[in-house]
Asker: 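Quick one: the structure is below, questions incoming.
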Amino acid sequence: MDLRLHLTDSAASEAFGERLAEALREADGGVIYLTGTLGAGKTTIARALLRHLGVTGAIKSPTYTLMEPYEVGGRRLLHMDFYRIEAADLEQLGLDDYPPDSTLWLVEWPEKVAGALPPADLELHLMAEAEGRSLLLKLPDNAKKWAKALAVSIQRDST
């Protein structure tokens, strides 16, 4: 299932991140890929999602650290940015300590390490447009229940 949305500005991107967080309230873990060019809004959505799930304080972009782990109310969240890494270097990050069955993974630039990550439960493809951004939400056939619920909710609101 593919859904296309138009996000008019940063506030709309943040609102989408919050809506996604609501769909994730009961999820134990999962993998979300965020793709798009530099400045397309990947980090904006990730920060809004993390903030809405309860992360307090600074939410740093993992552009240089590659990953930023968070724990909120016993729940583990992992925000990653693979723009500056090769697939062969993933082993050094210790991702085995954050299994996606019990940790929510937000992965920016997953295409940089294609084939080295678990499959996505939800893919967000962002494209900058003259006014705002276009968001293509892709739901793989094997998507988890929370991803399906989000897609159904968005589809219902779009009609």
Side-chain angles (χ1 to χ4, degrees), residues 1-73 75-85 90 93 95 98 100 103-114 117-140 143-144 146-158:
M1 171 191 290
D2 292 355
L3 296 171
R4 188 172 297 278
L5 304 171
H6 180 72
L7 304 173
T8 55
D9 54 21
S10 291
S13 295
E14 290 172 4
F16 177 80
E18 291 172 2
R19 185 174 190 177
L20 180 53
E22 284 301 317
L24 293 167
R25 285 274 176 218
E26 303 303 319
D28 292 330
V31 179
I32 300 173
Y33 288 173
L34 297 106
T35 65
T37 59
L38 288 170
K42 298 178 296 295
T43 302
T44 299
I45 290 174
R47 280 185 173 140
L49 183 151
L50 290 166
R51 179 78 58 219
H52 202 70
L53 287 176
V55 175
T56 58
I59 298 177
K60 299 181 269 180
S61 171
T63 300
Y64 294 100
T65 58
L66 304 180
M67 62 185 236
E68 290 291 335
Y70 300 95
E71 189 159 333
V72 178
R75 178 185 217 179
R76 299 172 78 188
L77 311 166
L78 189 60
H79 184 193
M80 297 171 273
D81 183 325
F82 294 140
Y83 185 71
R84 302 179 191 291
I85 193 169
L90 278 179
L93 292 180
L95 292 177
Y98 303 94
T103 305
L104 176 64
W105 287 20
L106 302 174
V107 185
E108 295 185 41
W109 299 100
E111 64 274 20
K112 298 283 186 169
V113 293
L117 296 174
D121 295 300
L122 180 65
E123 297 178 25
L124 305 177
H125 301 274
L126 291 134
M127 293 141 285
E129 296 181 338
E131 304 220 2
R133 277 134 184 65
S134 173
L135 170 63
L136 177 62
L137 185 147
K138 289 187 161 223
L139 193 66
K144 292 191 176 176
W146 59 260
K148 291 176 184 174
L150 173 72
V152 167
S153 171
I154 289 173
Q155 194 170 38
R156 184 178 51 239
D157 291 350
S158 299

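Predicted model, so just to flag it, every value in this text is computed and none were measured.
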Asker: Stepwise, does the side chain to side chain contact (heavy atoms under 4.5 Å, CB included) test hold for Lys112 with Tyr83?
Answerer: CA-CA 6 Å; Lys112 298 283 186 169; Tyr83 185 71; 3.9 Å; yes
Asker: Evaluate Val72 against Leu53 for side chain to side chain contact (heavy atoms under 4.5 Å, CB included), listing each step before the verdict.
Answerer: CA-CA 8 Å; Val72 178; Leu53 287 176; 5.8 Å; no
Asker: Tell me the closest heavy-atom pair linking Arg51 and Thr56, and the distance in Å.
Answerer: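 What the structure gives for the nearest pair is NH1-CA, 3.4 Å.
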Asker: Under 4.5 Å between any side-chain heavy atoms of Leu24 and Ile32, yes or no?
Answerer: yes
Asker: Report all side-chain donor-acceptor pairs from residues 119-129 shorter than 3.5 Å, counting only partners two or more places apart or in another chain.
Answerer:
residue : atom : partner : partner atom : Å
Asp121  : OD2  : Val31   : N            : 2.8
Glu123  : OE1  : His125  : NE2          : 2.9
His125  : ND1  : Thr35   : OG1          : 2.5
Glu129  : OE1  : His6    : ND1          : 3.1

Asker: Quick check against the 3.5 Å criterion: does Trp105 have a side-chain atom that pairs as donor or acceptor with the backbone of Leu117?
Answerer: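 Flag not set: sc Trp105 to bb Leu117 has no pair under 3.5 Å.
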Asker: Taking the side chain as every heavy atom from C-beta outward, state whether Leu106 and Arg47 have any atom pair closer than 4.5 Å.
Answerer: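 Leu106 vs Arg47: side chains apart.
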Asker: Would you say Tyr33 and Glu111 make side-chain contact, with heavy atoms under 4.5 Å?
Answerer: no
Asker: Less than 4.0 Å between a side-chain N and a carboxylate O, is that true for Arg25 and Glu22?
Answerer: yes
Asker: Could you check if a side-chain atom of His79 sits within less than 4.5 angstrom of a side-chain atom of Lys60, using non-hydrogen atoms only?
Answerer: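 SC-SC contact between His79 and Lys60 ruled out.
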Asker: Taking C-beta and beyond as the side chain, do Phe82 and Leu93 meet within less than 4.5 Å on heavy atoms?
Answerer: yes
Asker: Give, for atom CD of Glu68 and atom OG of Ser61, the distance between the pair rounded to the nearest 0.5 Å.
Answerer: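 With rounding to 0.5 Å, CD (Glu68) is 8.5 Å from OG (Ser61).
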Asker: Is there a side-chain contact between Leu66 and Asp81 (heavy atoms, below 4.5 Å)?
Answerer: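 Leu66 does not reach Asp81 side chain to side chain.
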Asker: Within the 4.5 Å heavy-atom criterion, are Met80 and Leu95 side-chain neighbours or not?
Answerer: yes
Asker: Using atom types as modelled, flag every donor-acceptor pair under 3.5 Å from a side chain in residues 7-17 to any protein atom, sequence neighbours excluded.
Answerer:
residue : atom : partner : partner atom : Å
Asp9    : OD1  : Ala11   : N            : 3.2
Asp9    : OD1  : Ala12   : N            : 2.9
Ser13   : OG   : Asp9    : O            : 3.4

Asker: For a side chain to side chain contact (heavy atoms under 4.5 Å, CB included) check, start with the C-alpha distance between Leu50 and Leu77, then their side-chain angles and the critical distance, and finish with the verdict.
Answerer: CA-CA 8 Å; Leu50 290 166; Leu77 311 166; 3.8 Å; yes
Asker: Please examine the side chains of Leu49 and Leu104, heavy atoms only from C-beta on, and report whether any two atoms are closer than 4.5 Å.
Answerer: yes
Asker: Once rounded to the nearest 0.5 Å, what's the spacing between atom CE of Met67 and atom CD1 of Ile85?
Answerer: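 Spacing of CE (Met67) from CD1 (Ile85) equals 10.0 Å.
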Asker: Tell me yes or no: between the side chains of Tyr70 and Arg76, is some donor less than 3.5 Å from an acceptor?
Answerer: no
